[in-house]
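When a residue number appears, it is its place in the shown sequence, counting from 1. All ligand and atom numbering here is 1-based and tracks the order in the structure.
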Amino acid sequence: MCGIVGYVGDKQVAPILINGLKKLEYRGYDSAGIAVFNNNELEVIKCKGRLAVLEARVGKENLKGRLGIGHTRWATHGEPNDVNSHPHLSKSGKIAVVHNGIIENYMKLKEFLQSKGYNFISDTDTEVIAHLVEYHYKGCLIDAVIDSINELEGSYALGVICSECPDEFIAARKDSPLIVGLGKNENFIASDIPAILEYTREIYILEDKEVVLLKKDSVKVFNIHGAEVKKKPFHVNWDVAAAEKSGYEHFMLKEMYEEPKVIKDTINPRIKDGMIALDDIKITVEDLNNIDKIYIVACGTAYHAGVIGKYMIEKLARIPVEVDVASEFRYRNPLISERSMAIIISQSGETLDTLFALREARKKGARTLSIVNVVGSSISRESDDVLYTWAGPEIAVASTKAYNTQLSALYLIALDFAQKKGCIDKADYERIMDGLKKVPEAIEQVLADKEIIQKFASQHYNAKSIFFIGRGLDYALSMEGSLKLKEISYIHSEAYAGGELKHGTIALIEKGTLVVCPMTQDSLLEKMISNIKEVKARGATVLAITQKKNKEVKKVADMVITIPDIDSDAAPIAAVTPMQLFAYYMAVLKGCDVDKPRNLAKSVTVE
Ligand code: AGP
């Protein structure tokens, strides 16, 4: 996620902005910048790269000023470079804006502003906000900001300053966090508490669609209708380390809590008038009709997402799909050709095995489409098309929110390809779209009930080996549930197709063996109930994960974690979260280093 800092007071603002942004570095970024009100004009310094680069540039300019805003950018729209970094200036240069979030209707607003003579220099959605505020500005900055945000769709945390208002600046938020720091003759904004903790522990936590007018000796909060809102200050008693995780004990838990938002961020901007519109990729019906096979290639968690992608693309778009781990793909001389498409999945976009597999596919003439979380990463740059997941930076080594958004992207692709090939009827298309829309809320419910999972984990964290079994999409889910458990709790685990257990592995099931069963597929429920009975007959303890409506599961499983009733096809995106939470609590109870497990790296850039 991007980082925002703003200040108005009696101190020199540049060092406060840089220092605050440094406290937000853990959030991940690829460029940074500040805008300072200095002797009656706005000065903007911004550049690609680390904060040290910005700091050196600021030092040279010897920037003076007591009001300003700063930003660290995690690229979503537009490559990481100087022009795309924030702050962005309006047409006249008198208004500067920093933004965290995604403006879903930015193209429509951009076309409107261009028709009014506004020229754009960046590829970002944020630049639209700077020009829009100027378009509405008639001498009162907060009115211009309120008028502007009433036209924005999507998520935003904003800082806005204007050279005609040297003693005040504006902030606003919707879906992206923003706080106000309350000081003595100074006030702050920040996207997260660590940025201002050394200056004040008294804050306002802004609610969605609240707008703030900050001066050095006053802070006023308004709703989007312009009515003042009374806020109660919150006293922060966290230490800095806790504050970096927004109060969560680990980044992994914090990132699971971000899943509802980042799934919406990944899906919603790609739906127009109820239909999927993948404007990011240039794959036509003719291109698709020329494809006789799709190869999905990835590693680890991304590979597990690919297995679900296979099921969904074959089911909906009727195109044959083969899924490979990247380290195998490139050494088996794959039968890939000009009539193939390679879908490459990678959170980091830098995994070397996956990058080499991409190059192998390109060398053999395949059309390459990558699903990547890091904008401008090697894999994204070397692919013909990229469908970005907008999960924001994932700090914990164990992937959670990135996996959920990879699935979201794969569902969009499967539906879009099916629609283009004319092999999905309206009812099925709408059924699955409706299921996707319900996923964020379903995950919120799972997270709200997390103590049930924590309690169950407290009874099993000394297990020596745990099995995950499932059928169809749930088999692919089992793979991910098993990997999550292994990589952070160091407990041995295996994932098995439910129907495969009886062909050997069931010999390992004995009294007390824990078997985890994701059961979201209506058509396979009865079969899975039989599998539960098989392992129960050998003494197993069974944890089932299923929709609330499947009451019969409670009669056979020892423990049932329910998710809200959601269509079987879309359910895996929500049903993985209970397994992520299960792995998380098992690791916490074992005292493992949850965010930085032994032997693992976040991005494996070696073979
Ligand atoms: C995920 O929990 C693991 N840390 C690991 O399997 C990861 O998914 C794999 O290394 C691929 O990384 P990528 O998505 O960045 O390519």
Side-chain angles (χ1 to χ4, degrees), residues 28 74 250-256 258-259 262 266 296-309 323-330 342-359 361 368-383 386-410 468 476-491 493 495 576-577 579-584 586-587 592-607:
W74 168 270
H250 300 100
F251 281 112
M252 184 176 171
L253 187 60
K254 176 170 177 270
E255 285 153 9
M256 283 188 263
E258 290 171 356
E259 285 173 3
V262 298
T266 298
I296 299 181
V297 186
C299 299
T301 288
Y303 166 75
H304 297 150
V307 178
I308 289 191
V323 196
D324 256 306
V325 292
S327 53
E328 289 297 307
F329 176 79
R330 54 189 289 243
I343 296 181
I344 308 295
I345 309 172
S346 176
Q347 186 286 130
S348 63
E350 300 298 345
T351 300
L352 203 59
D353 284 327
T354 310
L355 178 59
F356 285 161
L358 164 64
R359 290 175 181 166
T368 55
L369 163 60
S370 64
I371 297 174
V372 175
N373 195 40
V374 180
V375 175
S377 54
S378 304
I379 288 172
S380 68
R381 282 200 309 275
E382 296 187 27
S383 301
V386 186
L387 193 65
Y388 282 115
T389 51
W390 285 324
E394 191 173 63
I395 311 295
V397 166
S399 185
T400 51
K401 62 174 182 172
Y403 173 80
N404 297 71
T405 57
Q406 285 164 356
L407 292 189
S408 305
L410 284 161
F468 288 73
L477 268 186
S478 298
M479 296 176 188
E480 179 54 14
S482 174
L483 175 63
K484 276 295 91 49
L485 182 72
K486 284 184 281 194
E487 66 176 328
I488 61 174
S489 73
Y490 316 143
I491 295 172
S493 168
V576 69
T577 303
M579 292 193 287
Q580 294 167 345
L581 282 167
F582 175 64
Y584 170 77
M586 295 286 269
C592 298
D593 184 349
V594 174
D595 286 334
K596 297 187 183 69
R598 67 188 182 196
N599 312 335
L600 295 182
K602 183 61 186 169
S603 177
V604 183
T605 53
V606 293
E607 271 206 287

Worksheet item: Are K401 and E258 within salt-bridge range, i.e. N to O under 4.0 Å?
Response: yes
Worksheet item: Tell me, which residues have any heavy atom less than 4.0 Å from some atom of ligand 1?
Response: C299, G300, T301, A302, S346, Q347, S348, T351, V397, A398, S399, L483, K484, E487
Practice prompt. Mind checking salt bridge (Lys or Arg N to Asp or Glu O under 4.0 Å) for D324 and listing every partner two or more places apart, or none if nothing turns up?
Written response: R332
Item to complete: Output all residues satisfying side-chain hydrogen bond (donor to acceptor under 3.5 Å, both in side chains) with S482, sequence neighbours left out; order by chain, then residue number.
Response: S493
Discussion item. Is it the case that the ring center of Y584 lies less than 6.0 angstrom away from the ring center of H250?
Written reply: yes
Item to complete: Measure from the side-chain N and O atoms of S489 to the backbone N and O of I491, and report whether any donor-acceptor pair falls under 3.5 Å.
Response: yes
Worksheet item: Residues two or more places apart in sequence or in another chain: which of them pass side-chain hydrogen bond (donor to acceptor under 3.5 Å, both in side chains) with R359?
Response: E382
